[in-house]
Number of protein chains: 2
Amino acid sequence: MLDDRSKKILHAVIQLYISSPGPVGSRSITKKFPIGLSPATIRNIMSDLEDMGFLRQPHTSAGRVPTDSGYRFYVDALTAEKSDNDAELASELIRKLELIRTDINSFLDNASRMLSELSHYIGISVSLNTHQTMLSRIELLPYRKNQIAVMLITDEAVIKNKIISVEQEVSREDLNRLAGYLNERYAGHTLEDIRKTIVAEIANDRILCDGLIREAMAICNNIFSASESDVFISGLSEVLTLPDFCDIERIRRLFRTIEDKHVILSLLEKISATDGPQVLIGSENPLDELKQFSFVAAPYCEGSRPIGAIAIIGPTRMNYGQAIYLVDMTAKFITDIFSYSR
Amino acid sequence: MLDDRSKKILHAVIQLYISSPGPVGSRSITKKFPIGLSPATIRNIMSDLEDMGFLRQPHTSAGRVPTDSGYRFYVDALTAEKSDNDAELASELIRKLELIRTDINSFLDNASRMLSELSHYIGISVSLNTHQTMLSRIELLPYRKNQIAVMLITDEAVIKNKIISVEQEVSREDLNRLAGYLNERYAGHTLEDIRKTIVAEIANDRILCDGLIREAMAICNNIFSASESDVFISGLSEVLTLPDFCDIERIRRLFRTIEDKHVILSLLEKISATDGPQVLIGSENPLDELKQFSFVAAPYCEGSRPIGAIAIIGPTRMNYGQAIYLVDMTAKFITDIFSYSR
DNA sequence: ATTAGCACTCGAAGAAGGAGAGTGCTAAAC
DNA sequence: GTTTAGCACTCTCCTTCTTCGAGTGCTAAT
């Protein structure tokens with residue numbers, strides 16, 4: 001659909017714009033890129049690219065700026081040809097990934113931090129709560145008065161623990177019996193299934209329950225009802241250095257949006273349905289508040305089941321090649337960790 | 001040291017400045033505050049206050065702005081007389097505090113969120129790792145291949161769990177034996193003490209250890225070495241609405257500083273040594289990057305031992321009365337939760 | 001088909017000039 | 001002696017105007 005020359009010029013505009021913001025003029029292209037064409041010719045081509053919707057003029061007689069579709073075209077070409085990468089970045093990445101491996105307890109925190117440090121954009125990592133998580137074992141322990149400590153050991157790296165309150169005190173023996181029963185019955189099932197089963201049982205036996213069993217049922221219901229996912233966000237300070245973020249109100253809205261972790265979570269849940277790195281550019285983003293930003297995300301898996309995701313949020317004027325590389329490598333690395341430690 | 005009239009005027013300047021930034025002039029004081037004095041007299045007094053270091057002129061022929069010492073004087077007077085509070089704020093606070101009580105699992109996250117929502121500044125909450133935490137019980141469970149899940153149940157609300165890697169696989173029975181041994185021997189001791197004892201034992205028995213015991217010792221050392229504290233920060237988007245934060249570079253430095261959780265942690269550790277709400281105003285702050293901001297913090301305790309802290313960070317032009325009220329009430333509330341659930 | 005030349009456009013940056021708020025000082029009033 | 005009115009002065013902020021320069025689109029020449 002685009003001839004080779006047009007493609008080259010589009011890429012040139014985008015690369016210049018990424019390296020420094022502000023409209024790109026025809027002359028600066030001839031200076032930085034050795035295409036054997038004069039500024040006038042380039043102007044004509046740029047005008048064509050504008051008609052096709054890949055470029056845009058902020059105002060008459062200004063240079064051109066990429067549109068979201070322009071970036072989209074660029075990114076698609078990029079992923080097709082697997083860009084060559086900065087060796088320095090690669091070694092830095094590998095060094096930091098090893099750090100993640102050694103501290104499995106806070107790998108999510110470390111991953112988001114690492115992504116933001118290397119990309120200089122916002123780094124995000126989440127553990128997804130797909131309800132497909134499988135229960136390996138459950139432990140119930142008396143905690144304080146009228147409280148029970150629950151430890152859910154799942155097949156993911158993250159152990160969930162929770163304190164729940166109960167109406168009447170339950171002895172350690174009863175807790176052990178209950179835990180034994182739950183393990184025998186539910187180990188190997190997904191949390192979602194267990195929850196459903198328990199709800200059904202409560203409904204059925206409502207009348208004949210004696211005190212302890214009803215208490216036990218309430219406990220189970222509590223345990224398996226809402227299990228939160230973890231969300232880690234780093235590098236908010238990084239994006240403040242970018243000239244793209246000179247408008248405080250825009251940053252505020254962005255921060256406000258991502259401070260609400262549910263939003264991030266549901267977005268990444270959708271994304272992790274497909275595998276490999278996903279890129280959402282500006283208006284492609286489903287959320288209004290994020291339509292001025294770009295989003296590079298990839299799920300990480302245990303086996304073939306996605307159990308979390310990592311992402312980078314930055315301006316649409318993003319170094320996509322680098323961001324995709326970072327996200328892709330990191331997601332694969334984490335997936336590897338889960339595979340080998342099986 | 002200050003006569004009554006000067007005090008009133010200082011308070012007037014600060015209150016006007018807090019309600020809207022920009023130098024405060026003598027005439028606006030006479031308009032808003034019914035002190036029976038003319039602008040000229042007030043000018044004279046303000047000039048005196050400037051000599052004493054409580055006020056400052058941004059430039060000749062501009063109004064006055066409070067200095068850090070000015071705020072300090074104001075805050076000291078404030079805490080002495082226990083300011084009367086907004087009834088609406090109070091009821092809102094109580095409503096949200098109840099939410100904290102019902103969800104003990106994420107009370108820190110909720111507390112920081114609540115503080116930022118009510119104050120419109122940055123809300124922070126941390127659980128301190130003072131090494132004085134007492135071990136109630138330890139559970140060891142096989143996790144993945146060559147990994148063990150450890151659950152430390154302490155006398156604080158927060159259960160710490162951790163996955164540690166071991167060199168050789170350890171059977172479930174051995175883990176149970178080890179856990180039993182540790183519980184029998186160390187339950188009731190502080191984590192710090194336990195760590196020291198274990199290090200000493202490793203040093204002593206280095207030569208005679210057989211494989212399993214050495215492995216066990218290594219595990220223990222790993223468990224009790226570094227246990228992280230939790231830090232929750234909310235409301236970064238809130239402060240971006242403030243006119244004080246028009247300088248992006250300043251915000252960036254602030255965000256950069258508080259994104260490094262160690263900094264926050266050590267600051268709050270120091271603060272929680274003394275009880276009751278603490279206020280650090282601008283330059284009183286030990287950290288250079290925070291010298292342009294103010295810090296209101298209070299520890300929460302279990303019994304009399306501080307086990308965490310909550311705080312508000314805002315501009316020096318902060319509504320101190322409200323911030324102190326919020327922090328104080330919240331800290332007391334959390335302390336209460338720990339006392340009653342004993 | 002490409003390129004040089006040229007008139008034109010538009011924003012950024014700087015200069016100039018009020019307007020306004022507020023001060024400090026002096027002299028009068030209480 | 002303290003307080004106040006009056007007044008000249010200062011400094012910022014905002015608006016307007018101008019200039020400058022980068023870059024375009026068009027036309028004619030290559």
Side-chain angles (χ1 to χ4, degrees), chain A residues 2-10 12-17 19-67 70 243-244 246-247, chain B residues 2-10 12-17 19-67 70 243-244 246-248 317:
Chain A
L2 276 189
D3 60 6
D4 202 48
R5 246 182 18 174
S6 310
K7 246 187 243 177
K8 264 189 191 139
I9 298 212
L10 178 57
V13 171
I14 291 179
Q15 275 168 38
L16 284 176
Y17 190 67
S19 70
S20 90
V24 178
S26 52
R27 232 178 79 79
S28 52
I29 292 182
T30 60
K31 265 191 285 187
K32 300 278 169 56
F33 288 83
I35 322 172
L37 292 172
S38 77
T41 313
I42 292 181
R43 275 205 289 281
N44 290 330
I45 299 172
M46 289 209 295
S47 178
D48 294 347
L49 287 169
E50 186 172 1
D51 291 341
M52 287 185 269
F54 293 134
L55 295 179
R56 172 175 76 76
Q57 261 184 318
H59 56 89
T60 339
S61 89
R64 298 308 203 292
V65 161
T67 62
D244 311 67
C246 53
D247 177 15
Chain B
L2 277 189
D3 60 6
D4 203 49
R5 245 179 23 175
S6 311
K7 248 188 241 177
K8 264 189 191 138
I9 298 210
L10 178 56
V13 171
I14 292 178
Q15 277 169 38
L16 284 175
Y17 190 66
S19 69
S20 92
V24 178
S26 53
R27 233 177 78 80
S28 52
I29 292 181
T30 60
K31 267 192 284 189
K32 300 278 169 57
F33 289 82
I35 321 174
L37 292 172
S38 75
T41 313
I42 292 182
R43 277 204 288 281
N44 289 331
I45 298 173
M46 291 208 293
S47 178
D48 294 346
L49 286 170
E50 186 173 1
D51 292 340
M52 287 185 270
F54 293 134
L55 296 178
R56 174 174 76 77
Q57 260 184 318
H59 56 90
T60 339
S61 88
R64 298 307 203 292
V65 161
T67 61
D244 311 68
C246 54
D247 177 15
I248 275 200
R317 185 185 75 85

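It should be emphasised that the depicted structure is a prediction, and the values quoted were computed from it without experimental measurement. Below, chain A is the first sequence line, B the second, and so on; all start at residue 1. FYI, side chains are in, hydrogens and waters are out, and symmetry mates aren't considered; it's all heavy atoms of this structure.
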Margin query: Measure CZ/B:Arg27 against C1'/C:dG20 and give the value in whole Å, please.
Written below: 12 Å

Margin query: What is the distance, to the nearest angstrom, from the CD1 atom on B:Ile29 to the P atom on D:dT4?
Written below: 14 Å

Next item on the list: Provide the closest heavy-atom pair for B:Gly25 versus B:Ser28 in the form atom of the first, atom of the second, distance.
Entry: O-OG, 2.9 Å

Notebook entry, point to check: What residues in residues 44-57 of chain A put a non-hydrogen atom under 4.0 Å from any atom of DNA chain C?
Noted result: A:Asn44

Next item on the list: Please determine if a side-chain N or O atom of A:Arg5 lies less than 4.0 Å away from the OP1 or OP2 oxygen of C:dT2.
Entry: yes

Checklist line | Residue-phosphate contact under 4.0 Å: A:Arg64 side-chain N/O, D:dG25 OP1/OP2 | finding: yes

Notebook entry, point to check: Under the 3.5 Å rule, do the base of D:dG25 and the side chain of A:Arg43 count as making a donor-acceptor pair?
Noted result: yes

Next item on the list: Can you tell me the distance, in whole Å, between the CG atom of B:Leu37 and the P atom of D:dT2?
Entry: 14 Å

Between protein and nucleotides 11-16 of chain D, what N or O pairs are separated by less than 3.5 Å?
| unit_1 | atom_1 | unit_2 | atom_2 | d |
| --- | --- | --- | --- | --- |
| D:dC11 | O4' | B:Ser61 | OG | 3.4 |
| D:dC11 | O3' | B:His59 | ND1 | 3.4 |

Check: Would you say the side chain of A:Ile45 lies within less than 4.5 Å of the side chain of A:Leu37, judging by non-hydrogen atoms?
Finding: yes

Margin query: Looking at every non-hydrogen atom in both residues, tell me the closest pair between B:Pro39 and B:Arg27 and how far apart they are.
Written below: CG-CG, 4.0 Å

Item checked: Heavy-atom pair of closest approach, residues A:Ile42 and A:Ser26 -> CG2-CB, 4.0 Å

Notebook entry, point to check: Atom CG of B:Asp3 to atom C1' of D:dT3: distance rounded to whole Å?
Noted result: 15 Å

Notebook entry, point to check: At their closest point, which heavy atom of B:Tyr17 faces which heavy atom of B:Pro23, and how far apart are they?
Noted result: CE1-N, 4.5 Å

Check: How close do B:Arg64 and B:Met46 get, heavy atom to heavy atom, and via which atoms?
Finding: CG-SD, 3.9 Å

Item checked: Evaluation steps, side chain to side chain contact (heavy atoms under 4.5 Å, CB included), between B:Leu2 and B:Leu49 -> CA-CA 9 Å; B:Leu2 277 189; B:Leu49 286 170; 4.2 Å; yes

Check: Can you name the one residue among B:Val13, B:Ile9, B:Ile14, B:Leu55 that meets side chain to side chain contact (heavy atoms under 4.5 Å, CB included) with B:Val24?
Finding: B:Val13

Next item on the list: Taking only the side-chain nitrogens and oxygens of B:Thr41, find out if one of them lies under 4.0 Å from OP1 or OP2 of D:dT2.
Entry: no

Next item on the list: Under the side chain to side chain donor-acceptor pair (under 3.5 Å) rule, collect the residues that match up with B:Thr41, sequence neighbours excluded.
Entry: B:Ser38

